> 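Would you mind keeping the following structure in view while I ask a few things?
Because the structure is a prediction, the values reported are computed rather than measured. Convention: sequence-line order gives letters A, B, ...; per-chain numbering from 1.
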Amino acid sequence: MEGSSDGNGVPSSNSFDKSRVLDVKPLRSLVPMLPDMPQGQSFICAPPFGPFPSGFSPFFPFSVQQGSQCAPETATPIRSSSTAVPHSAKKRVKRNRNVHSSPGFASGKGSTKDFKLGFSFAERDDGNKEVVENVRMRFDALRRRFSQLEDAKESSSGIIRRADLKAGNVLMSKGVRTNMKKRIGSVPGIEFGEIFFFRIELCVVGLHAQTMGGIDYVNVRGDLEQETLAVSIVSSGGYDDEAEEANVLIYSGQGGFKDKEAPDQKLERGNLALETSLHRGNEVRVIRGMKDAVSPKTKVYVYDGLYKTESSWMEKGKSGGSIFKYKLLRLPGQPDVFALWKSIEKWKEGLSLRPGLILPDLTSGAESMPVSLVNEIDDEKGPAYFTYFPTLKYSKSFKLLQPFFGCNCHTACGPGSTNCSCVQKNGGDFPYTANAVLVSRKSLIHECGLSCPCFPNCKNRVSQTGLKVRLEVFKTRDRGWGLQSWDPIRAGTFICEYAGEVIDKSNTRQDGEDGDNNDHVFDTSHTYQSFRWNFEPELMEEESPPAPIEEYDISSPLIISAKNIGNVARFMNHSCSPNVFWQPVIYEHNNESFLHIAFFAMRHIPPMTELTYDYGIARTDGESSSAPSGRKKCLCGSPKCRGYF
DNA sequence: GACGTTTCAACGGT
DNA sequence: CACCGTTGAAACGT
């Protein structure tokens, strides 16, 4: 293991050694080490990882880094609300005040616990990126928690049927929402292409205020009288809209949605608003409801951008009555959103349609799903040589652990498996929701292992059952190779584990830097930026146990080298504002426990967005030089960039 | 203001 | 999976 690897995944200087870059062939011959099982069943000559004695301290400080400095936000209230303030503004203000004193909750016992709103009251009317992010994170954390309770059916006061609505209701009644003031055009803090998984999620950030309605509108003072203008529409397949061309949308008016014999639609409400918008020529936000490729029975809502209504007409609907039709044209100069989604659909049908494709599957079948290799930037033909291997390789030099006892479940373990001993190790709550989304970060997650008889339908094996999203390794503009996804990813989704060779630190040189850089090395002993991801128990109505502690809790440092052997994780770049985080997971293999590093989505990630995590900062060991010799200049570009990592 | 109406949800069952 | 029934809650309008 000599030699510097290239700068993959590392915004290092341009110490890129082209001579080591291999062309296509070696990569193609990256044969998985395991003949059959992608999971590497019993073949890994895998002496165990060291024991995990208790009695150690958390290995990084929990500094609170709450956003005191507002990101310089260039909010673009395209046509600011001077005209668009609803006449009901007074009502709103009043409602705000009510919310402020939260009368509905003050009476409930144990619910008067204070929680931090986290932003100003003004920011509830007009948001910005930071507040939007804050609200979205808190919404989904709460939603996941309610979902967990729903799955387990352990909610003591009435069952939760709709975790999304429940979470939305709690946040709205507490005033944890933003962009309440309706506006025409862009919404501050929400970018084109952002994705949402529930309609109520659009409401809490102010992108579309109707919980179900497809047309949102606002009252404005017109030339002579009040008129209503459409501000946003959701095109979701409920009616037969036409969405063939990427920049044209034929949208059906509202009325008679579910009726078998629909009467004629009337020119009122949303229909009237769209009609007025046609004459006034105002911008209308368009949100497209798409089928989720990862779980096809759910929907993804994509903020496609601003449109203008070009024309309208009436036609006979299928169920008898006549319906309104509106033709909307996408404004030029906006990033392609819907068009990109359409392209990805085509790439999936024929991989060769992907521009810049070098390899259809750089894993050579080692993963459950292909991972394409793409370069649209220059003529480099691929990353430096390495051997693709989908999981960890433990070297021989580790001591044996004490014997491991798996569960004895003979049905698939899942959210209701309170008797499963593996589940019990997680502290009572099943760590994942029914659709395999991680509920909370934890010091350690216990999954079922090889000798547990519950295989293969067990739901407690999320991080060991292969890739779930369609990934792609691509050439970035200035940071070597990177990782991104063709599929939209919802927060809490498992992305991949960090595969590679486990390094025995006692064997490793103490000197650290003998020309060896830390490219393609994962090290739990780095100092990581802390962040809050879990739900806030104080937002739950009834007394709720505290959220799991989000500090990692690893007895001895785990160092994984992916220089020579690794998987897709080795291509993930660093960011100081990452969208992915790592989570220790432990499960059994040949009667011994092994620690793994699993990556989960921190937030919803739109397709073709680079996946990044915090590499952390190597600890400078006391006496050694104070210069940050092992550190690299960071090119993540985030406003919160620390400058190096 | 309270209440009824409207609404391109979300789920689970078949 | 496609349809279908059930449950559901914010905003709007009366």
> Please name the nucleotide paired to C/dA9 by Watson-Crick or G-U wobble geometry with both distances under 3.5 Å, or report none.
B/dT7
> Closest approach to the side chain of A/Lys182, judged atom by atom: which nucleotide of C/dC12, B/dC8, C/dA10 is it?
C/dC12
> Provide, to the nearest angstrom, the distance between the CD1 atom belonging to A/Ile160 and the C1' atom belonging to C/dT7.
15 Å
> Identify which nucleotide among C/dA2, C/dA9, C/dT7 has an atom closest to any side-chain atom of A/Lys291, counting heavy atoms from C-beta outward.
C/dA2
> Ion pair present between A/Lys299 and A/Asp292, side-chain N to carboxylate O less than 4.0 angstrom?
no
> Taking any heavy-atom pair under 4.0 Å as a contact, classify A/Arg199: base, sugar-phosphate, or nothing.
sugar-phosphate
> Tell me the interatomic distance from A/Phe198, atom CZ, to B/dC8, atom C1', rounded to whole angstroms.
17 Å
> When the nearest nucleotide of DNA chain C is assigned to A/Thr228 and to A/Cys203 on a heavy-atom basis, which residue is associated with the more 5' position?
A/Cys203
> A/Phe494 and A/Phe600: aromatic ring centres closer than 6.0 Å?
yes
> What verdict does the side chain to side chain contact (heavy atoms under 4.5 Å, CB included) test give for A/Leu329 and A/Asn247, after you've listed the backbone C-alpha separation in whole Å, the side-chain angles of each residue and the deciding distance to 0.1 Å?
CA-CA 6 Å; A/Leu329 298 180; A/Asn247 294 326; over 6 Å; no
> When you check the phosphate oxygens OP1 and OP2 of C/dT7, does a side-chain N or O of A/Arg161 lie under 4.0 Å from one of them?
no
> Counting just side-chain N and O atoms, does A/Tyr301 come under 4.0 Å of either OP1 or OP2 of B/dA10?
yes
> Check the distance between B/dA10's P and A/Leu202's CG and give it to me in whole angstrom.
9 Å
> Looking at the side chain of A/Arg162, which of C/dA10, B/dT7, B/dA9 is the nearest nucleotide?
B/dA9
> Hey, is the side chain of A/Tyr217 poking within less than 4.0 Å of OP1 or OP2 on C/dA11, counting only N and O atoms?
no
> With a 4.0 Å cut-off on heavy atoms, is A/Gly289 in touch with a base, just the backbone sugar-phosphate, or nothing at all?
nothing
> Do any side-chain nitrogens or oxygens of A/Arg269 fall under 4.0 Å of OP1 or OP2 in C/dG13?
no
> Please compare A/Asp240 and A/Thr298 by the position of their nearest nucleotide in DNA chain B and report the one closer to 5'.
A/Asp240
> Could you check how far CG of A/Leu249 sits from P of B/dC8, rounded to whole Å?
14 Å
> Rounding to a whole Å, what distance do you find between A/Leu165:CG and C/dA10:C1'?
10 Å
> Would you indicate, yes or no, if B/dG13 has its OP1 or OP2 atom less than 4.0 angstrom from a side-chain nitrogen or oxygen of A/Lys297?
no
> What do you reckon, are the aromatic ring centroids of A/His604 and A/Phe197 less than 6.0 Å apart?
yes
> Take the protein atom CG of A/Leu207 and the nucleotide atom C1' of C/dA10, then report the distance between them rounded to whole Å.
16 Å
> Ion pair present between A/Asp429 and A/Arg145, side-chain N to carboxylate O less than 4.0 angstrom?
yes
> For A/Met180 and C/dA11, what is the distance between atoms CE and C1' respectively, to the nearest whole Å?
11 Å
> So, OP1 or OP2 of B/dA10: does either fall under 4.0 Å of a side-chain N or O from A/Arg143?
no
> Would you say the side chain of A/Phe599 lies within less than 4.5 Å of the side chain of A/Ser463, judging by non-hydrogen atoms?
no
> Grab the CG-P distance between A/Asp216 and C/dG13 for me, whole Å please.
11 Å
> At under 4.0 Å, does any side-chain N or O of A/Ser236 touch on OP1 or OP2 of B/dA9?
yes
